[in-house]
Amino acid sequence: MRRGRAPTFLLGGGAALLLSLFWMPTLLPAASRLLLLPRALLSMASGSPPAQPSSASGSAYVPGSVSAAFVTCPNEKVAKEIARAVVEKRLAACVNLVPQITSIYEWKGKIEEDSEVLMMIKTQSSLVPALTDFVRSVHPYEVAEVIALPVEQGNFPYLQWVRQVTESVPDSSTAPL
């Protein structure tokens, strides 16, 4: 038997779940596992996952309504210009720049290696098509990387802030690059 695994061959589903909560010493401290126990028991009894936290107004976060989009740029100057523009246009609430990444990829039959800057863009999922169109229109690459992943969970006040900042998108012809 591998170290850290509960002997589930002797236990039913519920007992195995309870025992597994106590066999995760490297993942969670004992106090945290005890806090999870009532939630796990309620989930097992009801057959549904625990309720998501909600805001003071009573409206819960809708999983996937915020996305994190990733764009690579050839240098910091280009990344900053695009980042400022998408925030000014309210296509994003926040853009983080991660400098000096190395990208290795196949392009036109050759393996390429480049130093790039990674943009991590937080926006509403409904704005991803407009964000993509804008990035494509100003990006220096022939094929700009724009990929977006839906945010399933996170800090509720932050996710609400992302939505609030990007609520009203101004006319795209008035915001400069």
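Computed from a prediction, not measured in an experiment: that's the story for all the values here. Just so you know, these numbers use all the heavy atoms, side chains as well, and skip hydrogens, waters and symmetry mates. Throughout, residue positions are numbered sequentially from 1 according to the sequence presented.
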If you compare all heavy atoms of [X] against all heavy atoms of [Y], which two are closest, and at what distance to 0.1 Å?
X	Y	answer
Ser67	Pro150	OG-CA, 3.7 Å
Val86	Phe134	CG1-CD2, 3.6 Å
Tyr61	Phe156	N-CE1, 3.4 Å
Thr166	Ala93	CG2-N, 3.6 Å
Leu97	Pro99	O-CD, 3.5 Å

Taking the side chain as every heavy atom from C-beta outward, state whether [X] and [Y] have any pair of such atoms under 4.5 Å apart.
X	Y	value
Ser126	Arg163	no
Val66	Tyr158	no
Val71	Ile82	no

Original post:
Do the side chains of Met120 and Leu131 join up, straight or via other hydrophobic residues, at under 4.5 Å, putting them in one cluster?
Top reply: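 Looking at the clustering, Leu131 is in a separate group from Met120.
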
Once you round to the nearest 0.5 Å, how far does [atom1] of [X] lie from [atom2] of [Y]?
X	Y	atom1	atom2	value
Thr132	His139	OG1	NE2	11.5 Å
Cys73	Ile101	SG	CD1	9.5 Å
Leu91	Thr123	CG	OG1	6.5 Å
Leu159	Gln153	CG	CD	10.0 Å

Subject >> Check against side chain to side chain contact (heavy atoms under 4.5 Å, CB included), Leu149 and Phe70 >> reply: CA-CA 9 Å; Leu149 303 170; Phe70 301 91; 3.9 Å; yes

**OP:** Quick one: do Gln124 and Glu167 satisfy side chain to side chain contact (heavy atoms under 4.5 Å, CB included)? Show the steps, please.
**Re:** CA-CA 8 Å; Gln124 288 190 59; Glu167 277 297 311; 3.6 Å; yes

Subject >> Glu106 atom CD, over 12 foreign heavy atoms within 6.0 Å >> reply: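 Yes, enclosed.
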
Would you mind writing out the side-chain donor-acceptor pairs for residues 112-119 within the sub-3.5 Å range, not counting sequence neighbours?
| unit_1 | atom_1 | unit_2 | atom_2 | d |
| --- | --- | --- | --- | --- |
| Asp114 | OD2 | Tyr105 | OH | 2.3 |
| Glu116 | OE1 | Ser103 | OG | 2.4 |
| Glu116 | OE2 | Tyr141 | OH | 2.6 |

Original post:
Hey, are Lys80 and Glu76 close enough for a salt bridge, meaning a charged N less than 4.0 Å from a carboxylate O?
Top reply: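 Salt bridge present between Lys80 and Glu76.
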
